[in-house]
Amino acid sequence: MSINCSLWQDNSMSVKRFAFVKFSEVTEQCFLLFSLILFMFLASLTGNALIALAIWTNPALHTPMYFFLANLSLLEIGYTCSTIPKMLQNLVSEARGISREGCATQMFFFTLFGISECCLLAAMAFDRYMAICSPLHYATRMSHGMCVHLAMVSWGVGCIVGLGQTNYIFSLDFCGPCEIDHFFCDLPPILALACGDTSHNEVAVFVAAILCIFSPFLLIIASYGRILAAVLVMPSPEGRQKALSTCSSHLVAVTLFYGSGSVTYLRPKASHSPGVDKLLALFYTVVTSMLNPIIYSLRNKEVKTALWRTLGKKNVLTHE
């Protein structure tokens, strides 16, 4: 059912409120997707919160690699919380509207956490490069202060880009339609609702995506290129295997995050379709956030031990 946008326009005929397009007219399909997303959302929150808690409460994990992993878990929590609750409401409620200010707020936080994660993944790759290629200088160069600095830069870049992109998009006029054919207020579907020629805005968004998504990715590629070169000259097979095992989880996380993100934001506008965009959005907002705790704990004995110890402490407290 189409929504009459004229009811949500002010005297300047600019839309002040949007509505998300209903996922399906079949109620059973909406509830099925609601149940699936809710399960993945709760699994993501639980997994990432447990990893962050295990790292902060176990002194043995107070190292640069796990410091960045704890920050990544916090980013994943913010990333999912900025979009999923509203997405769940839209699936089961007829009240699918969102104010212009609410939409801008959601876009800001989603962009903040997304760009921050891009930068943090690059910082994690740099940490692995320093650990493998410069082990003698690792402790001094990757000090706690340096790690905090890299994390603050990652969060700071995300905040600046989020503010800039959101302000740039919502400085435009929206004359209608006012229906967002997406699960949340993402950049491409909102930009598609703006009045007039938005080609310059689309170029600006694309350039920002190149700088903020592709640049960290190049740093990751460069880091792993140096790591691979260092590993290949190691005389011991055990040493090579150990060095690569510390990178495998990060490489899988990078592939999942950058794979879906690049397809979403860097492919030509002509190839965009609402169905594919929604599927990709579900993947990089819910699925990757749910999988990351599994990826980082599955082959990491230290994390698994810390998780069991944390859960064991909780059980003791519960029995007491």
Side-chain angles (χ1 to χ4, degrees), residues 14-18 20 72 74-87 98-123 151-175 178-219 257-269 271-272 274 277-278 280-285 288-289:
S14 180
V15 172
K16 294 300 179 183
R17 192 170 179 81
F18 302 99
F20 293 96
L72 181 66
L74 294 177
L75 280 173
E76 294 287 9
I77 291 172
Y79 199 57
T80 53
C81 287
S82 66
T83 56
I84 306 302
K86 183 62 179 175
M87 187 188 301
I98 185 170
S99 67
R100 182 169 173 151
E101 293 76 15
C103 192
T105 301
Q106 187 182 63
M107 181 182 290
F108 164 70
F109 281 106
F110 174 75
T111 307
L112 184 158
F113 292 121
I115 297 300
S116 297
E117 184 162 343
C118 289
C119 297
L120 192 68
L121 288 171
M152 289 178 63
V153 169
S154 299
W155 286 81
V157 170
C159 185
I160 292 170
V161 174
L163 282 172
Q165 288 279 51
T166 304
N167 182 66
Y168 189 57
I169 296 297
F170 283 90
S171 63
L172 302 172
D173 287 324
F174 298 91
C175 311
C178 60
E179 291 181 293
I180 304 171
D181 196 3
H182 204 53
F183 286 125
F184 58 92
C185 294
D186 202 0
L187 289 166
I190 296 299
L191 191 57
L193 300 179
C195 306
D197 181 17
T198 60
S199 58
H200 291 89
N201 306 85
E202 291 165 6
V203 169
V205 170
F206 183 78
V207 169
I210 288 288
L211 292 175
C212 300
I213 296 176
F214 197 60
S215 296
F217 184 67
L218 287 178
L219 291 175
F257 184 79
Y258 270 96
S260 55
S262 299
V263 172
T264 301
Y265 297 106
L266 300 181
R267 75 184 195 273
K269 181 184 177 183
S271 63
H272 281 255
D277 289 346
K278 288 179 181 179
L280 288 169
L282 283 177
F283 190 84
Y284 64 75
T285 55
T288 57
S289 297

How many angstroms lie between CG in D173 and CG in L193, if you round to the nearest 0.5 Å?
13.0 Å
I190 side chain near H182 side chain, heavy-atom distance below 4.5 Å:
no
Across all chains, not counting sequence neighbours, the side chain to side chain contact (heavy atoms under 4.5 Å, CB included) partners of V203 are V207
Hey, can you tell me if F109 and F113 have their rings parallel, tilted or perpendicular (30° and 60° cut-offs)?
parallel
What verdict does the side-chain contact (heavy atoms from CB on, under 4.5 Å) test give for F183 and T83, after you've listed the backbone C-alpha separation in whole Å, the side-chain angles of each residue and the deciding distance to 0.1 Å?
CA-CA 8 Å; F183 286 125; T83 56; over 6 Å; no
Intermediate values then yes/no, side-chain contact (heavy atoms from CB on, under 4.5 Å), F184 and T285:
CA-CA 10 Å; F184 58 92; T285 55; 3.9 Å; yes
To the nearest 0.5 Å, how far apart are CG in L219 and CZ in F214?
11.0 Å
Who are the side chain to side chain contact (heavy atoms under 4.5 Å, CB included) partners of S99, not counting sequence neighbours?
R17, E101
Interatomic distance, CZ@F170 vs CZ@R100, rounded to 0.5 Å, equals 7.0 Å
What is the distance from atom CG of L75 to atom OG of S116, rounded to the nearest 0.5 Å?
5.5 Å
Which heavy-atom pair separates D186 from M107 by the least distance, and what is that distance?
O-CE, 3.8 Å
Kindly compute the distance separating CG (L211) from SG (C118), expressed to the nearest 0.5 Å.
12.0 Å
Closest approach of A122 and P216, non-hydrogen atoms and distance?
CB-O, 3.8 Å
Geometric class of the F174/F18 ring pair [parallel <30°, tilted 30-60°, perpendicular >60°]
perpendicular
List the atom pairs, with distances to 0.1 Å, where a side-chain N or O of residues 151-164 and a protein N or O form a donor-acceptor pair under 3.5 Å, not counting sequence neighbours.
| residue | atom | partner | partner atom | Å |
| --- | --- | --- | --- | --- |
| S154 | OG | L150 | O | 2.9 |
| W155 | NE1 | N71 | OD1 | 3.3 |

Could I get the full list of ring-ring contact (aromatic ring centres under 6.0 Å, His included) partners for F217, not counting sequence neighbours?
Y258
Partner residues of E76 under the side-chain hydrogen bond (donor to acceptor under 3.5 Å, both in side chains) criterion, sequence neighbours left out:
S289, N292
Looking only at heavy atoms, what is the nearest atom pair of L120 and L72, with distance?
CD2-N, 3.3 Å
CD (E117) and CD1 (I213) are apart, to the nearest 0.5 Å, by 11.0 Å
Suppose we screen for disulfide bond (SG atoms under 2.5 Å apart). Which residues come up paired with C103, at least two apart in sequence or across chains?
C185
